[in-house]
Amino acid sequence: MYDEKYDVVVIGAGHAGCEAAHAAARMGLATALYTMNADLIAQMSCNPAVGGIAKGHLVREIDALGGIMGLVADQAGIQFRLLNTSRGPAVWSPRAQEDKAGYRQVMRRILEQTPNLFIKQAEVTEIVFDSGRVTGIELLDGRRVQSQVVVLTTGTFLNGLIHIGEKQFTAGRNGEPASIALGNCIREAGFNWGRLKTGTPPRLDRRSIDLSMFEPQFGDEVPTPFSFRTTTALENKICCYITHTDERIHDVIRRNMARSPLYSGQIQGIGPRYCPSIEDKVVRFRDKDRHQIVLEPEGVDTHEIYVNGMSTSLPIDVQREILSKMKGLESAQMMRPGYAIEYDFVQPTELNPWLETKKIQGLFLAGQINGTTGYEEAAGQGLMAGINAGLKVTGGEPLMLGRAEAYIGIMIDDLVTKGTNEPYRMFTSRAEHRLNLRIDNADTRLTPIGRRMGLVTDVHWDAYLERQGRLERLRQVIHDTRVDTAHSFFLSRALVFHDRPGIPSLLRRPEIRLEELIREGVLLTEPLRREDIVSAETDIKYEGYLRQQDKEIEKLRKAEARRLPEELDYSKMSGLSGEVIEKLTRVRPQSIAQASRIPGITPASLSIILFHLGIARSRPETENVV
């Protein structure tokens, strides 16, 4: 007997849950978002920032699809920087410091204004199944809620265990209860689960810090927004501050290593390799005599400072000693200590590429429960899980973004194909075709998809069409304009001496920039945004590379089109090793291309599969059978 009924239930209101709930509701489905504390919706549990290398790409893609993280980050942002600008445009990535409280407020306001979305404060203790299919959830107070699909986005709350030195206690975040009953429910459902670990640094009182001892880090003079829908100018309201550890601090850490739960054996979960704790840095990078520390304000109306680079689970007295030996922090008052947290995750090879579990129909997982780390990775998964949960209800075909379409597609493919034994983080190096996956063309790649899914509003779509028209007019002006002797300065710089060369031939020279040509009147255009200029310039400067990547992408599409039947029995394919059969059976690849990305699947294995499907003409040599 059920007390309430919804089309979609989302459990957890972190960054994954917010995107999932918003997406399902935008698709016209009655959606309930359950959280243990409605005042902490979209809480930034760790650093007060959004974006960064590759993470900024994810936020742009979320925005292009009709998600909300980029909009919220722009509205709550207090310092904006575009990273990697010394390198090519493929790896430029925005990052913003956020007002932590403001971020929560903006997100909640957007969610509460979303039709069909209902926010519920309650603890979910059980997911109810019947014959291998989700039917609803049960709450701590005994109520039962019926739902056709459930999206689980529990972050670090499933059997969460906090470590501060020798002390440990259950919690989902410091000061909030863990989800013990729900965690046990997932374990008992028979999923392949494990334990991961993440950590956070101490927070300090700004008034107790001598900021004159630090190097200031300012925002960009012209801030870059995350959202294509942001039309108002962004403002830098705070400054960050940089310092470094030294050997005195490292000595303190070495002396107290036995008290670190990370090295005493107290912590069993595996932590993020690319965001190690300060004690891990000292141990793993013995050749380095210093490590960077950045003081990041957590908002404009708070004195709380986040000590980026000093994630730790050392005892509180050791944390204090470390801070006291850092110039400018000798008298620093700690508002919150750093800590590590262990939590349950489900091995993501348990999921289909559309993030529905293979064991239980109608159950979708997104965020840290899938083994990822970071707000942006969680939000990208949440958006896709919400869309596919909606499509499950309406009977539509699942949406799967390819590796050549989006960083979101790369992330999900990596997770469901390879699995993970450590917290997964997105990097631009994971993208085979990153020149095609730039922040400036995310809307061109993805907004039409978001429109088809029902996430892109009329206003958003009109703005997209207007930008595409603006870009087309800009490209036409570039190809129609020739440089005359009045601008001979640019001709000499580009080593072009024939009469009236075209703009494209100038732009192929690395030292000539389109922005400069526009500023100096060589090219007369309508008012443009930075992304417009970057898009047009990149298409010309990297035309040869882009053409080559297009050929590679077409080959990938053909490989992806070779679908593998869901019921394929690999154990009956003579010639495959036992290890290969186990991996193929566990992952259940959707295509030959996905099968090729499973670790340990050799070209010989693929040939055997193709032969059994009748695609290969001759029988390949058999592998050594284990």
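We number each residue from 1, following the sequence as shown.
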Any donor-acceptor pair under 3.5 Å from Thr373 side chain to Arg425 backbone: no

Spatial distance of atom CG (Asn47) from atom SG (Cys275) [nearest 0.5 Å]: 8.0 Å

Pair Glu543 + Arg508: basic N to acidic O under 4.0 Å: yes

Arg108 to Ile41 - nearest heavy-atom pair and separation: CD-CD1, 4.3 Å

Residue list, ring pair (Phe, Tyr, Trp, His ring centres under 6.0 Å) with Tyr103, at least two apart or on another chain: His15

Flag, side chain of Arg445 to backbone of Arg438, donor-acceptor distance under 3.5 Å: yes

Nearest-0.5 Å distance that lies between atom CG in Leu295 and atom CD1 in Ile209: 5.5 Å

Closest heavy-atom pair and its distance - Ala389, Val8: CB-CG1, 4.5 Å

Derivation and outcome, side-chain contact (heavy atoms from CB on, under 4.5 Å), residues Leu58 and Ile408: CA-CA 6 Å; Leu58 290 173; Ile408 294 174; 3.8 Å; yes

Whether Trp461 and Tyr464 hold their rings parallel, tilted or perpendicular, with breakpoints at 30° and 60°: parallel

N/O donor-acceptor pair under 3.5 Å between Asp220 side chain and Leu82 backbone: yes

Test item: Leu399 and Trp354 side chains (from C-beta on) under 4.5 Å apart, heavy atoms: no

Spacing of CD1 belonging to Ile503 relative to CD belonging to Glu537, to within rounding of 0.5 Å: 11.5 Å

Whether over 12 other heavy atoms sit under 6.0 Å from Tyr274 OH: yes

Neighbour count above 12 (heavy atom, 6.0 Å) for Arg519 CZ: yes

Pi-cation contact, Tyr424 with Arg430 (under 6.0 Å, within 45°): yes

Any donor-acceptor N/O pair, Arg203 side chain to Arg336 backbone, under 3.5 Å: no

Minimum-distance pair of heavy atoms, taken over all atoms of Ile341 and Arg173: CD1-N, 4.4 Å

Sub-4.5 Å side-chain heavy-atom contact between Pro297 and Gln79: no

Test item: side-chain donor near acceptor, Asp440 and Ser535, under 3.5 Å: yes

Ring pair (Phe, Tyr, Trp, His ring centres under 6.0 Å) partners for His57, two or more places apart: Tyr407

Backbone N/O of Glu531 and side chain of Arg467: donor-acceptor pair under 3.5 Å: yes

Tyr6 and Phe118 aromatic ring geometry - parallel, tilted or perpendicular at 30°/60° bounds: tilted

Exam field: side chain Asn236 to backbone Phe80, donor-acceptor pair closer than 3.5 Å: yes

Arg475/Asp480 salt bridge by N-O under 4.0 Å criterion: no

Shortest non-hydrogen separation from Ala442 to Ala64 and the atoms involved: O-CB, 3.4 Å

Minimum heavy-atom distance between Phe226 and Ala73, given as atom pair plus value: CD1-CB, 3.7 Å

Salt bridge (charged side-chain N to carboxylate O under 4.0 Å, His left out) between Arg81 and Glu296, intermediate numbers included: CA-CA 13 Å; Arg81 297 172 63 227; Glu296 300 177 344; over 6 Å; no

Rounded distance (nearest 0.5 Å) linking atom CG of Asp443 with atom CD of Glu61: 11.0 Å

Exercise: identify the closest heavy-atom pair between Pro353 and Ile412: O-CG2, 3.4 Å

Backbone of Phe157 reached by a side-chain donor or acceptor of Thr154 within 3.5 Å: no

Ion pair Arg513/Glu515, N-O distance below 4.0 Å: no

Gap between atom CZ of Arg60 and atom CG of Leu65 - 0.5 Å precision: 13.5 Å

Worked check of side-chain contact (heavy atoms from CB on, under 4.5 Å) between Trp92 and Val534: CA-CA 11 Å; Trp92 292 3; Val534 170; 3.6 Å; yes

Carboxylate-amine/guanidinium contact Glu526 Arg470, below 4.0 Å: no

Thr200 side chain to Gly338 backbone, donor-acceptor under 3.5 Å: no

Donor-acceptor contact present, side-chain Arg451 to main-chain Val456, <3.5 Å: yes

Pairs touching residues 374-391 that satisfy side-chain hydrogen bond (donor to acceptor under 3.5 Å, both in side chains), sequence neighbours left out: Lys55-Glu376, Lys55-Glu377, Asn370-Gln381, Thr372-Gln381

Residues that Phe218 engages under ring pair (Phe, Tyr, Trp, His ring centres under 6.0 Å), provided they are two or more places apart: none

Side chain Asp74, main chain Ser227, donor-acceptor under 3.5 Å: yes

Check: Pro225 and Arg529 side chains under 4.5 Å, non-hydrogen atoms: yes

From CD1 (Ile238) to CG (Asp99), nearest 0.5 Å: 9.5 Å

Steps toward side-chain contact (heavy atoms from CB on, under 4.5 Å) verdict (Glu432, Glu552): CA-CA 9 Å; Glu432 300 90 340; Glu552 294 171 1; over 6 Å; no

Val307/Ile293 under side-chain contact (heavy atoms from CB on, under 4.5 Å): CA gap, chis, key distance, verdict: CA-CA 7 Å; Val307 188; Ile293 301 291; 3.5 Å; yes

Residues in ring pair (Phe, Tyr, Trp, His ring centres under 6.0 Å) contact with His291, at least two apart in sequence or another chain: His250

Ring pair (Phe, Tyr, Trp, His ring centres under 6.0 Å) pairs, two or more places apart, involving residues 502-540: none

